[in-house]
J.: 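Quick one: the structure is below, and I'll ask about it shortly.
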Amino acid sequence: MSPILIFADCEVLTTKQEEFLAKKGVFVPRDYCYIPGSGIYKLHKDVANWNNAGLICMREGGRLAILKSKQAADVLAQMFKNSNLTCDHSAISAVGVFLGFHDLFEEGNFQTILGQPLEKTGYSIWTEVWDRQPDNGGVFEGEEGSQNCGTLASDGGLDDGDCSWKLGFVCEIPMKKQ
């Protein structure tokens, strides 16, 4: 078995790196980065609400990212921290980017945009930036919360965010041989 190259901080690939991956049957679109064993991702710095972020990802031939490993979460969290992203919701400025999971159908029952339970993705560690996540916006029992869309927090953990917030987001191109 040949060694796997890991490209530091998931930077855009050089032509040489693209050729190496192409020989292995992995094709990485421009502006996307490859995290071996995890996927092909792009951090969008232009902010959008969760629905529009998903549409943008689909236009690029992908989807909102579904994390499969701690390695991917850590690399993307570092990219997010380095990006100096801000958002239009002051309470969470520079705290998260949208991912492809939610609990829109049943509060507390998180699933991916593909309908898979979050726990089966390979990565379901919640953020420690705030206590007791996910918290649906810190509401108390009997109150209606509004945090139903998945985000990646700056510490690499998952969080629930308001779908109407305008945040950066991560798209993923599913790994496949072309």
J.: Can you check whether F98 reaches V170 side chain to side chain, under 4.5 Å on heavy atoms?
T.: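 Contact flag for F98/V170 side chains = no.
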
J.: Nearest 0.5 Å, what's the CG-SG distance between L99 and C171?
T.: 10.5 Å

J.: Nearest heavy-atom pair of A77 and A153: which atoms, and what distance?
T.: CB-O, 4.0 Å

J.: State yes or no: do L114 and L64 share one hydrophobic cluster built from I, L, V, M, F, W and Y residues joined by side-chain heavy-atom distances below 4.5 Å, directly or via other members?
T.: yes

J.: In the structure I gave you, are the side-chain heavy atoms of L43 and Y41 within less than 4.5 Å of one another anywhere?
T.: no

J.: Between D160 and G150 (side chain of the first, backbone of the second, donor and acceptor by atom type, cut-off under 3.5 Å), is there such a pair?
T.: no

J.: I need the minimum non-hydrogen distance between G61 and P174, along with the two atoms involved.
T.: O-CD, 4.3 Å

J.: Under the 3.5 angstrom rule, does the side chain of K68 hit a backbone N or O of I66 as a donor-acceptor pair?
T.: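 Judged by distance alone, yes, a pair lies under 3.5 Å.
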
J.: Do K166 and N52 come within less than 4.5 Å of each other through their side chains, counting heavy atoms only?
T.: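 Result no, sub-4.5 Å side-chain heavy-atom pair not found.
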
J.: Evaluate H44 against V97 for side-chain contact (heavy atoms from CB on, under 4.5 Å), listing each step before the verdict.
T.: CA-CA 9 Å; H44 278 266; V97 291; over 6 Å; no

J.: Please lay out, stage by stage, how D74 and K70 fare under the test side-chain contact (heavy atoms from CB on, under 4.5 Å).
T.: CA-CA 6 Å; D74 289 345; K70 182 170 180 357; 2.9 Å; yes

J.: Decide yes or no for K42 and E60: does some side-chain heavy atom of the first lie under 4.5 Å from some side-chain heavy atom of the second?
T.: yes

J.: Check whether any side-chain heavy atom of D46 lies under 4.5 Å from a side-chain heavy atom of F169, and answer yes or no.
T.: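 No, too far: nothing below the 4.5 Å cut-off.
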
J.: Kindly give the heavy-atom pair with the smallest separation between L152 and A73, and that separation in Å.
T.: CD2-O, 4.0 Å

J.: For the backbone of K23 and the side chain of E19, can you confirm whether one donor and one acceptor N or O come within less than 3.5 Å of each other?
T.: no

J.: At what distance, to the nearest 0.5 angstrom, does CG of L167 lie from NZ of K45?
T.: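 Nearest 0.5 Å value for the CG-NZ distance: 15.5 Å.
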
J.: Aromatic rings W126 and F101: how do their planes relate, parallel, tilted or perpendicular, breaks at 30° and 60°?
T.: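 Correct class here is perpendicular.
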
J.: Distance only, no hydrogens: is a donor on one side chain within 3.5 Å (strictly under) of an acceptor on the other, for E172 and Y32?
T.: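 E172 vs Y32: no donor-acceptor pair found between side chains.
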
J.: Would you check if there is a donor-acceptor pair between the side chains of D159 and T127 at a distance under 3.5 Å?
T.: no

J.: Rounded to the nearest 0.5 Å, what separation is found between the CG atom of L67 and the OG1 atom of T112?
T.: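 If I round to the nearest 0.5 Å, the distance is 11.5 Å.
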
J.: Does a side chain donor of either H102 or Q147 reach within less than 3.5 Å of an acceptor in the other side chain?
T.: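 There is no such pair (donor and acceptor under 3.5 Å, judged by atom type) between the side chains of H102 and Q147.
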
J.: What residue among N148, T121, L158, L118 forms side chain to side chain contact (heavy atoms under 4.5 Å, CB included) with F110?
T.: L118

J.: Quick check for you: to the nearest 0.5 Å, what is the distance between L104 atom CG and C149 atom SG?
T.: 4.5 Å

